[in-house]
Amino acid sequence: MDFTPHTDADVARMLGALGLAESADLFRHLPAGVALAHELALPVPMAELDVMRHIDELGARNTAGLCCFAGGGIYDHFLPPVVRSLTLRPEFVTSYTPYQAEVAQGVLQALFEYQSMVAALMGLPVANASLYDGPTSGLEAVNIAVAHTGRHIVWLSRGVRPHTRQIVGTFARARGLEVVEHPLVDGRTSWTDGPEPAAVVFSQPNHLGIIEDYDAAVTAAHGRAALAIVEADPMLLGVLRRPGDAGCDIAFAEGQPLGNPMSFGGPVLGMFAVASGLLRRVPGRLVGETLDRDGRKAYTLTLRTREQDIRRDKAASNICTNQTLNAIAAAVHLAWLGPDGLAEAGRQSVQKAHHLADLLCTIPGVALAHGAAFAREFAITLPADPVDVIAAMAQRGYLAGIPLGDDHPDLPNGLLVAVTEKRTAADMTGYAASLAEVLHDV
Amino acid sequence: MDFTPHTDADVARMLGALGLAESADLFRHLPAGVALAHELALPVPMAELDVMRHIDELGARNTAGLCCFAGGGIYDHFLPPVVRSLTLRPEFVTSYTPYQAEVAQGVLQALFEYQSMVAALMGLPVANASLYDGPTSGLEAVNIAVAHTGRHIVWLSRGVRPHTRQIVGTFARARGLEVVEHPLVDGRTSWTDGPEPAAVVFSQPNHLGIIEDYDAAVTAAHGRAALAIVEADPMLLGVLRRPGDAGCDIAFAEGQPLGNPMSFGGPVLGMFAVASGLLRRVPGRLVGETLDRDGRKAYTLTLRTREQDIRRDKAASNICTNQTLNAIAAAVHLAWLGPDGLAEAGRQSVQKAHHLADLLCTIPGVALAHGAAFAREFAITLPADPVDVIAAMAQRGYLAGIPLGDDHPDLPNGLLVAVTEKRTAADMTGYAASLAEVLHDV
Amino acid sequence: MSEPGGRACSSPLVGGAAEPTLMEISAPGRRAWSLPTLDVPERDLGLPESATHRPELPEVAERDLVAHFTRLAQRNFAVDLGSYPLGSCTMKYNPKVCDWAAEHPAFRNLHPDTPATLSQGALAVLVETEEILCTLTGMTRATFQPAAGAAGELTGLLVMRAYHDSRGRHPSTVLIPDSAHGTNPASVTLAGYRVRHLPSDSRGMVDLDALRAAIDDDVAGLMLTNPNTLGLFETDIVEMARLVHAVDGLVYYDGANLNAILGVARPGDMGFDIVHSNLHKTFATPHGGGGPGSGPVAVVERLVEFLPGPLATLVDGGYDWVMPRRSIGRVHGNHGNFLVVLRALTYMRALGGAGLRHVAERSVLNARYLQSLLPEEYALAYPAPCMHEFVVSVAGLKRATGVRAMDVAKALLDHGFHAPTVYFPLVVEEALMIEPTETESPETVEALAAAFAAIGAQAVADPEAVQSAPHTTPISRPDDALAARHPVLTWTTPTLDPGDLP
Amino acid sequence: MSEPGGRACSSPLVGGAAEPTLMEISAPGRRAWSLPTLDVPERDLGLPESATHRPELPEVAERDLVAHFTRLAQRNFAVDLGSYPLGSCTMKYNPKVCDWAAEHPAFRNLHPDTPATLSQGALAVLVETEEILCTLTGMTRATFQPAAGAAGELTGLLVMRAYHDSRGRHPSTVLIPDSAHGTNPASVTLAGYRVRHLPSDSRGMVDLDALRAAIDDDVAGLMLTNPNTLGLFETDIVEMARLVHAVDGLVYYDGANLNAILGVARPGDMGFDIVHSNLHKTFATPHGGGGPGSGPVAVVERLVEFLPGPLATLVDGGYDWVMPRRSIGRVHGNHGNFLVVLRALTYMRALGGAGLRHVAERSVLNARYLQSLLPEEYALAYPAPCMHEFVVSVAGLKRATGVRAMDVAKALLDHGFHAPTVYFPLVVEEALMIEPTETESPETVEALAAAFAAIGAQAVADPEAVQSAPHTTPISRPDDALAARHPVLTWTTPTLDPGDLP
Ligand SMILES: Cc1ncc(COP(=O)(O)O)c(C=O)c1O
Ligand SMILES: Cc1ncc(COP(=O)(O)O)c(C=O)c1O
């Protein structure tokens with residue numbers, strides 16, 4: 001089936017009005033070699049019911065309903081149904097970027113509120129209307145720093161999420177930036193000296209779940225007139241210090257836990273906030289308040305001269321389409337949580353993470369990889385290959401975590417375990433018991 | 001959790017404004033013996049996540065995903081997602097009966113369109129805005145006939161859906177109506193003579209799936225100046241004669257298959273259409289077109305003098321709240337189907353029913369209960385107790401059908417099997433193979 | 001402006017143009033539907049009674065179908081858009097988690113004839129909800145078959161009748177206060193009883209002497225809602241029940257106003273024998289533009305045997321369907337509006353005992369607070385502390401300015417609120433029945449009061465402006481007389497044009 | 001009217017009052033949230049870096065949260081409400097079955113680090129979609145990591161760079177027509193290349209001689225969309241590609257306009273080496289008010305080894321993640337906007353080969369038909385048969401009446417349509433870029449043409465009325481200069497008042 005309303009009679013009538021005989025005549029001006037002479041080998045059309053059966057079949061090939069202890073930026077937090085109900089309003093879902101403000105006040109105000117809440121979350125004065133995801137936001141942050149300082153060296157903590165480091169790397173190779181990685185000592189970044197960087201980039205907590213020393217990182221940056229850039233875990237901003245309060249210049253985050261299901265990693269959203277001095281370097285869209293011709297409060301896209309469609313090859317970023325709908329979901333969820341709900345979700349996640357860590361450490365051969373304080377995620381070392389353990393745990397209904405070996409050669413049998421407020425004491429007892437069995441068997 | 005916005009401060013402020021000290025003061029005027037002295041033994045409040053877990057647990061206690069071959073008025077037809085998307089618009093879901101037409105044109109026009117499509121479906125000039133369900137609509141139809149003819153006898157075919165017969169019975173006992181049941185001969189109603197009835201009531205197809213003789217029934221009614229009332233299967237009205245075309249005075253239907261999931265039988269809806277002479281006896285709401293003060297087309301509830309809130313103890317029906325949202329769903333689904341889609345769904349259901357019947361009749365001991373022509377549902381006799389067979393078939397993933405014995409003592413081992421366009425050839429082959437196994441084992 | 005509705009393209013967001021009907025945007029051969037091709041060998045069945053006419057249904061593309069209903073939805077006010085103080089209807093906020101529950105595949109796709117052994121979860125839903133309902137009302141057992149309040153009334157009255165029959169008595173009248181909702185007398189007649197009206201006294205309550213005078217052996221029962229439709233608690237209820245019981249009559253509770261007393265008082269303790277509840281009011285299930293509702297009927301021990309059936313019942317460890325011994329029989333094709341019950345259970349479990357009592361406290365608090373904020377144009381019909389709703393009369397305003405209750409109601413629409421219930425109960429002249437519900441914030445209640453005040457002031461300053469309201473809605477006042485004089489009930493009837501206006 | 005937004009109670013349905021911000025309806029201690037109580041023993045962890053400030057988030061009840069966003073939604077136009085002929089954006093109807101797919105729990109709740117063995121269905125979605133995409137574009141393999149078109153461009157250019165590096169060459173310029181979309185030059189710069197603009201010729205196509213003149217060893221590649229942003233098919237494309245390839249340059253296809261040639265012609269056959277597609281245009285995934293999109297990049301055989309990775313790949317019978325040998329590395333944190341890809345697959349499978357070709361045929365037919373219906377005020381920028389969209393200039397109208405392209409666009413809003421794209425491409429004076437898409441019916445196209453005609457006539461009769469449009473929308477034209485002069489980007493900044501107006 002297709003979704004064109006045209007009947008054969010409609011097509012005939014329209015072609016007739018154009019003086020054409022058949023649909024193929026619409027393409028007569030295409031050069032011979034270019035116009036396809038044959039039909040492409042594509043699947044046959046399907047009835048809606050058949051398509052749904054096909055998607056069901058594909059879905060059935062995923063192992064269903066694993067109790068999730070994997071994190072690494074994407075977390076299984078509780079999403080109240082109201083978030084979905086409001087975010088999926090067709091007026092939000094099926095509209096384009098709000099260029100025509102007169103008929104886009106809904107999306108514009110929702111984004112203005114999103115910006116306001118992200119700024120409040122980060123403790124910084126300005127936030128944009130979303131970027132693609134956390135890791136690519138890190139790249140945009142580095143770009144700002146390079147442009148702002150005119151330097152080409154970037155200090156990157158080894159504790160920054162691997163995907164973020166890889167993306168910065170991908171781009172650095174093309175742009176000739178030099179990325180200096182700073183090692184972790186017992187899980188926390190040690191900032192060794194070196195040539196002056198454009199930016200000092202770290203994660204809070206870092207990829208191993210460990211709480212970094214804000215002052216050490218910010219001093220390392222500001223002591224060298226570099227920007228302090230932090231990747232924050234948004235669900236912990238009710239319990240941990242806010243980037244702005246800690247003196248960071250740019251904060252970005254993988255915003256998925258706020259309002260968005262895990263979605264196999266996308267669509268999610270990048271949250272992005274900066275200190276006031278950097279306002280005019282902010283990538284992506286900004287919604288501002290203004291007045292209409294009748295003096296009524298109105299919202300509109302603003303400071304557009306930063307953007308690609310106006311600045312073209314001088315633009316600092318090429319982003320156009322962003323993750324607006326995911327940002328609206330985040331706004332709804334943040335408003336649902338409020339300051340107390342956010343703090344409670346963070347507090348419970350942290351408490352439960354420590355509860356599980358204790359349970360796991362009673363299993364012979366299992367130990368915490370580091371002594372440093374962690375928040376809601378932690379690294380353990382196993383007496384077996386984590387890949388095999390994860391497979392065996394899945395049989396018992398658990399997604400046990402993420403193997404660390406590839407990214408941290410010093411932890412060949414390391415497993416990264418995340419806990420959210422959604423995991424019950426029973427889930428954790430079951431997880432620990434299953435892990436004990438699994439390790440006993442292997 | 002509850003959903004009241006009031007903070008303690010709000011409550012204190014409001015009580016203060018009223019000169020009250022505590023919430024209990026709001027109820028001081030209740031007599032001593034009446035105001036509860038103790039807290040009721042009710043469940044404790046639950047967080048939203050806990051409530052959802054509880055509902056999930058309850059849901060898990062139903063046997064999931066049975067391939068449905070049960071019918072009897074409620075059928076498992078294909079419901080396109082667009083029906084749900086449009087029907088569940090909060091503006092439809094959370095509004096009241098459209099008494100204030102100026103802010104209810106959405107619901108009013110949707111119901112006007114529903115009425116128009118039901119009338120077209122039934123081949124009758126007038127349809128109301130829905131009743132509770134098929135069976136209770138049968139009762140309203142009988143009431144019209146009694147009031148219209150001043151007679152107190154009702155002829156009821158044995159082929160009418162048992163629940164409809166039971167409801168008419170419940171009510172007849174209270175109102176002193178005499179219900180004369182007319183027997184089935186080889187599955188079709190034989191209208192024997194008797195004292196003059198107010199109405200002749202039958203189902204098309206009847207409860208055994210068999211196609212009744214319209215003319216026989218209508219003649220039996222009109223020959224005695226009684227009303228011909230038919231319960232129609234709405235999904236078959238693209239392939240079978242329409243009640244109006246067959247001369248019926250009142251047609252009602254269980255409307256569930258149009259737009260509504262099986263929902264364990266509710267909420268569904270009663271479709272109700274009448275010949276023009278009966279317009280002012282129609283129960284329930286009617287939406288009419290009119291003009292507003294500025295001469296613009298508008299919709300409003302009309303002929304309201306029929307209704308309980310105006311007629312009070314003289315009203316012919318007491319219905320107030322009906323099944324509006326289900327009617328809107330039916331309207332969306334009918335518009336999605338159009339005349340061709342409706343005919344195709346009916347055609348496929350009938351074709352597949354006959355295919356399955358053939359497969360089943362090849363199983364030793366299994367036979368069609370009747371020789372008469374059936375449509376999309378049929379009765380078979382089994383060499384075993386259908387209740388046991390249904391249980392055993394469920395183990396194999398099929399809801400095999402509905403036992404007929406209770407309602408049809410002549411078919412102690414009768415099983416009523418329904419097929420919709422949604423059942424595939426594979427479903428049916430599997431059903432037949434499983435039934436053969438099951439019967440072999442018992 | 002392009003033509004009305006712009007042939008499936010213009011939006012009410014801009015200009016509020018009318019929307020054409022599906023038939024007007026229908027084109028022969030256009031379609032939204034698709035079905036898999038028949039996968040069994042087709043054959044000529046030569047069935048009897050095959051179709052002679054093709055039903056004239058609209059033929060539209062999915063794109064236009066979606067635009068049509070999306071635009072229609074935007075032409076409708078709803079609780080999700082704003083405050084809806086419609087007296088007697090309890091238009092409270094409907095939590096989204098209940099929508100989630102109603103969409104649960106384990107229930108949504110369940111066939112009603114699934115054997116009890118395979119649908120234990122569904123039976124458990126009914127049993128759990130029944131227990132909570134009985135605890136709240138002080139009854140013993142309940143049926144969920146009635147699809148709405150009116151169906152509950154008829155069911156309750158048939159139970160009443162079965163009770164009397166069982167005792168060989170055949171009383172013929174049922175007593176109803178003159179302030180009763182229309183469904184009450186209508187149900188009484190349908191149940192084969194005669195209505196006898198009881199006058200209200202100066203307090204706005206049932207006149208106790210009139211009741212005493214009306215009591216005799218022919219009285220089958222008394223039907224009452226408490227708080228009554230004036231929003232007042234009938235303080236003589238215990239005595240009233242005693243009087244009725246003295247002649248072996250039964251006392252019926254219309255639960256439309258149960259919201260006001262959740263966890264605070266129980267019909268059972270007041271002497272009621274039969275109680276229907278409106279889940280679509282008290283228990284937050286949405287009204288759906290007029291339905292579906294759910295009107296379960298609960299009764300005291302001695303009436304359980306007469307309830308419709310079957311009832312989901314715990315039978316040695318599992319749930320099963322059990323028919324009451326002397327059941328009046330079935331009153332719904334299946335198990336009632338099950339998914340509505342599931343919504344209500346979700347709501348009840350979320351709130352729990354404490355939350356349910358909060359409902360009563362906050363709904364009464366909001367009503368009292370709103371009442372206290374209204375200017376004197378809105379005179380309380382009866383000066384007594386109200387419960388969850390109250391009734392004011394604008395008779396004075398009408399005499400002074402000619403502005404009627406209906407005008408005030410329409411003007412409120414321009415202020416962004418739904419109108420209150422008007423001209424009900426019948427015992428109050430120019431009545432406005434106002435029920436803010438507990439889910440509105442104090443700020444919303446204050447804004448509502450401010451709107452009433454503004455309308456009151458405008459009625460004095462410029463009555464015509466109020467009488468011609470609303471001015472900002474998709475349509476102005478419809479001509480109801482015209483609609484009744486020329487009934488146009490389907491799109492096959494020729495549509496009206498301004499020439500038809502008087 | 002009660003105050004703007006009526007403190008969480010009034011509705012845009014009636015009067016279109018403004019809506020307060022969440023912060024304005026926030027009250028200390030009010031809440032929507034609830035969480036189960038902690039079910040593990042709590043202890044004092046004494047963590048470092050613990051919070052010093054409480055984020056000032058709004059505190060609202062669920063009821064007010066719902067009313068707020070429901071009213072906001074009603075202040076927004078959308079495809080589901082009406083026609084959206086926004087050139088270059090392909091605002092076609094988004095089928096609801098795709099929403100269903102995106103909500104599928106088997107995918108929605110899947111963690112991206114689930115091992116491939118446990119997420120075979122998800123990998124299969126990527127592989128199936130990749131196959132269809134490659135067949136349609138004539139490419140070999142594709143990555144789904146790019147989250148939108150611009151990300152696809154940057155990815156493609158990094159692939160281009162890796163290709164040249166691998167051959168030890170370091171060309172520095174990328175050729176782009178002057179009609180290109182802004183993301184093209186911006187991406188070129190970000191990829192470390194210099195932009196060299198190519199002029200359009202009198203046909204509105206790339207000037208072939210200018211291209212010849214621009215070709216040298218320093219040319220890394222050419223970036224093009226075909227049909228181009230004027231809606232014209234670049235008929236010299238094969239020669240253009242030959243010229244670029246002659247200096248070992250690569251030819252990049254910006255897929256924003258792929259809709260026009262689905263099943264009719266393939267970039268691969270035209271000589272393109274790298275192709276990005278916008279699933280949120282061509283393949284009907286909704287724009288979500290500005291995103292999420294998905295910009296997969298497909299390449300010819302010799303560039304596959306440079307693609308970002310890992311790529312879902314069939315490896316002896318099962319799907320696994322495979323990193324291309326000389327991959328440029330990762331460009332997205334996970335696997336791209338996966339659920340958007342799932343939507344697109346649902347759409348592609350529903351349409352199949354025949355339906356996909358229909359898309360091209362009907363979109364071009366609608367554009368040609370609309371163009372043929374427009375009055376002469378709307379002069380075609382270049383007189384040539386258009387593809388799925390076309391660009392008109394109202395420079396003549398402006399000279400005659402002072403009415404500009406932006407005025408026409410705003411006036412269209414009053415007619416219930418979204419505006420076309422304005423002032424793009426830059427090469428056309430007073431440009432209106434109009435793309436009806438294939439999902440609009442002929443009647444809608446005719447209504448759109450009628451609206452354009454009405455505006456044209458009004459521009460002559462009463463230019464001021466058009467210049468002051470829109471008149472029926474929730475707000476009139478916003479003061480963008482004021483917004484830029486006094487940036488108010490959060491609700492902690494003091495809001496503006498009419499005193500701030502010039
Ligand atoms: C007092 C009262 N009783 C009975 C009813 C009837 O309930 P339903 O509309 O659910 O049939 C109502 C509903 O408006 C009511 O307000
Ligand atoms: C021609 C053209 N190229 C590229 C883009 C950028 O695509 P996206 O917005 O998905 O980044 C667009 C989108 O407007 C476009 O129209």
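Keep in mind that what you see is a predicted model, and the values were worked out from it rather than measured.
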> Will you find, in the side chains of A/Q323 and D/N337, an N or O donor that is under 3.5 Å from an N or O acceptor?
Replying inline: yes
>> Is A/V82 close to chain D through its backbone or its side chain, or both, or neither, when contacts mean heavy atoms under 4.5 Å?
In response: side chain
>> Report which part of D/R31 has an atom under 4.5 Å of a heavy atom belonging to chain A: side chain, backbone, both, or neither.
In response: neither
>> Quick check on D/V66 against chain A: is it the side chain, the backbone, both or neither that has a heavy atom closer than 4.5 Å?
In response: both
> Mind checking whether D/H335 and A/F264 have ring centres under 6.0 Å apart?
Replying inline: yes
> Of the backbone (N, CA, C, O) and the side chain (C-beta and beyond), which part of D/R43 lies under 4.5 Å from a heavy atom of chain A, both, or neither?
Replying inline: both
>> For the residue pair D/S476 / A/D294, report whether a side-chain donor-acceptor contact shorter than 3.5 Å exists.
In response: yes
>> Looking only at heavy atoms and a cut-off of under 4.5 Å, which of D/P442, D/A350, D/A384, D/G149 has the most pairs with chain A?
In response: D/A350
>> For the interface with chain D, which of A/G59, A/A120, A/G341, A/G338 has the highest count of heavy-atom pairs at distances below 4.5 Å?
In response: A/G341
>> If I measure from the heavy atoms of chain D, does A/D76 come under 4.5 Å with its side chain, its backbone, both, or neither?
In response: neither
>> So for D/L86, is it side chain, backbone, both, or neither that comes closer than 4.5 Å to the heavy atoms of chain A?
In response: side chain
> Short question: side chain of A/T94, backbone of D/D80 - any donor-acceptor pair under 3.5 Å?
Replying inline: yes
> Can you find a heavy atom in the side chain of D/N76 that is under 4.5 Å from one in the side chain of D/L72?
Replying inline: no
>> For D/L190, which atoms come within 4.5 Å of any heavy atom of chain A: side chain, backbone, both, or neither?
In response: both
> Can you say whether A/L240 sits under 4.5 Å from chain D via the side chain, the backbone, both, or neither, judging by heavy atoms?
Replying inline: both
>> Between D/N94 and chain A, with a heavy-atom cut-off of 4.5 Å, which part of the residue counts as in contact: side chain, backbone, both or neither?
In response: side chain
> Any side-chain heavy atom of D/F233 sitting closer than 4.5 Å to one from D/M270?
Replying inline: yes
>> Contact between A/C320 and A/R285 at the side-chain level, heavy atoms closer than 4.5 Å - yes or no?
In response: yes
> Among A/K314, A/E254, A/R311, A/E344, who wins on heavy-atom pairs under 4.5 Å with chain D?
Replying inline: A/E344
> Given the options A/Q115, A/Q166, A/H354, A/K352, which has more heavy-atom pairs under 4.5 Å with chain D than any of the others?
Replying inline: A/H354
> By a 4.5 Å heavy-atom criterion (distance strictly below it), what part of A/A17 contacts chain D: side chain, backbone, both, or neither?
Replying inline: side chain
>> Does either side chain, that of D/H104 or that of A/D56, offer a donor lying less than 3.5 Å from an acceptor on the other one?
In response: yes
> Are the side chain of A/H163 and the backbone N or O of D/N334 linked by a donor-acceptor pair below 3.5 Å?
Replying inline: no
>> Check this for me: does any side-chain nitrogen of one of A/K297 and A/D292 sit under 4.0 Å from a carboxylate oxygen of the other?
In response: no
> Relative to chain D, which segment of A/P261 carries a heavy atom at a distance below 4.5 Å: side chain, backbone, both, or neither?
Replying inline: both
> Of D/L482, D/L489, D/V488, which is the lone residue that meets side chain to side chain contact (heavy atoms under 4.5 Å, CB included) with A/T302?
Replying inline: D/L489
> With only heavy atoms counted, which part of A/T4 is less than 4.5 Å from chain D, the side chain, the backbone, both or neither?
Replying inline: both
> If you tally heavy-atom pairs under 4.5 Å against chain D, which of A/R161, A/H54, A/E39 wins?
Replying inline: A/H54
> Between D/L110 and D/S119, is any pair of side-chain heavy atoms under 4.5 Å apart?
Replying inline: yes
> What residue, out of D/D269, D/L118, D/T189, has the most heavy-atom pairs lying under 4.5 Å from chain A?
Replying inline: D/L118
> Can you say whether D/W491 sits under 4.5 Å from chain A via the side chain, the backbone, both, or neither, judging by heavy atoms?
Replying inline: both
> Is it the backbone or the side chain of D/F107 that comes under 4.5 Å from a heavy atom of chain A, or both, or neither?
Replying inline: both
> Is it the backbone or the side chain of D/L356 that comes under 4.5 Å from a heavy atom of chain A, or both, or neither?
Replying inline: side chain
> What residue, out of D/P478, D/S372, D/A147, D/A419, has the most heavy-atom pairs lying under 4.5 Å from chain A?
Replying inline: D/P478
> Angle class for the D/F77/D/H418 ring planes (parallel below 30°, perpendicular above 60°, tilted otherwise)?
Replying inline: tilted
> Any idea which of D/A151, D/A409, D/A284 has the most non-hydrogen atom pairs under 4.5 angstrom with chain A?
Replying inline: D/A151
> Hey, would you say the D/H181 and D/F424 ring centroids sit under 6.0 Å apart?
Replying inline: yes
>> I want to check something: taking the side chain as every heavy atom from C-beta on, are A/V126 and D/T490 in contact at a cut-off of under 4.5 Å?
In response: no
>> For a 4.5 angstrom cut-off between non-hydrogen side-chain atoms, does A/E421 reach A/F78?
In response: yes
> Does any heavy atom of chain D fall under 4.5 Å from the side chain of A/V387, the backbone, both, or neither of them?
Replying inline: neither
> So which part of A/P98 gets closer than 4.5 Å to some heavy atom of chain D, the side chain, the backbone, both or neither?
Replying inline: both
> So what's closer than 4.5 Å to chain D heavy atoms on A/I402: side chain, backbone, both or neither?
Replying inline: side chain
> Quick one: what part of A/L26 sits under 4.5 Å from any heavy atom of chain D, side chain, backbone, both or neither?
Replying inline: both
> Which region of D/Y369, side chain (C-beta onward) or backbone (N, CA, C, O), has a non-hydrogen atom less than 4.5 Å from a non-hydrogen atom of chain A, or is it both or neither?
Replying inline: both
> Is D/E59 salt-bridged to D/R30, going by a charged N under 4.0 Å from an acidic O?
Replying inline: no
> Any idea which of A/D2, A/L42, A/L337, A/D313 has the most non-hydrogen atom pairs under 4.5 angstrom with chain D?
Replying inline: A/D313
> Where does D/P36 contact chain A at under 4.5 Å (heavy atoms): side chain, backbone, both or neither?
Replying inline: backbone
> Side chain, backbone, both or neither: which part of D/H53 has a non-hydrogen atom closer than 4.5 Å to chain A?
Replying inline: both
> Pick from D/E56, D/E361, D/R477: which one has the most heavy-atom pairs with chain A under 4.5 Å?
Replying inline: D/R477
>> What part of A/L18 gets within 4.5 angstrom of chain D, counting heavy atoms only: side chain, backbone, both, or neither?
In response: side chain
>> With a 4.5 angstrom heavy-atom cut-off, is it the side chain or the backbone of D/T492 that approaches chain A, or both, or neither?
In response: neither
> Is any side-chain heavy atom of D/L496 less than 4.5 Å from a side-chain heavy atom of D/D479?
Replying inline: no
> For chain A, which of D/A106, D/G288, D/G352 has the most heavy-atom pairs under 4.5 Å?
Replying inline: D/G288
> Side-chain donor-acceptor pair under 3.5 Å between A/T300 and D/D480, yes or no?
Replying inline: yes
>> Let's go through D/V364 and A/F27 carefully: what are the C-alpha distance in whole Å and the side-chain angles of both, what is the deciding distance for side chain to side chain contact (heavy atoms under 4.5 Å, CB included) to 0.1 Å, and is it a yes or a no?
In response: CA-CA 9 Å; D/V364 174; A/F27 304 100; 3.7 Å; yes
> Do D/K410 and D/S468 have side chains that get closer than 4.5 Å, going by heavy atoms?
Replying inline: no
> Picking from A/V51, A/D10, A/D245, A/T136, which has the most non-hydrogen pairs under 4.5 angstrom with chain D?
Replying inline: A/D245
>> Please classify the contact of D/V188 with chain A as side chain, backbone, both or neither, using a heavy-atom distance under 4.5 Å.
In response: neither
>> Looking only at side-chain N and O atoms, does D/S187 offer a donor or acceptor that is under 3.5 Å from a partner on D/E153?
In response: yes
> Where on A/A64 is there a heavy atom nearer than 4.5 Å to chain D: the side chain, the backbone, both, or neither?
Replying inline: neither
> With only heavy atoms counted, which part of A/Q204 is less than 4.5 Å from chain D, the side chain, the backbone, both or neither?
Replying inline: side chain
> Checking A/L88 against chain D: side chain, backbone, both or neither under 4.5 Å from a heavy atom?
Replying inline: side chain
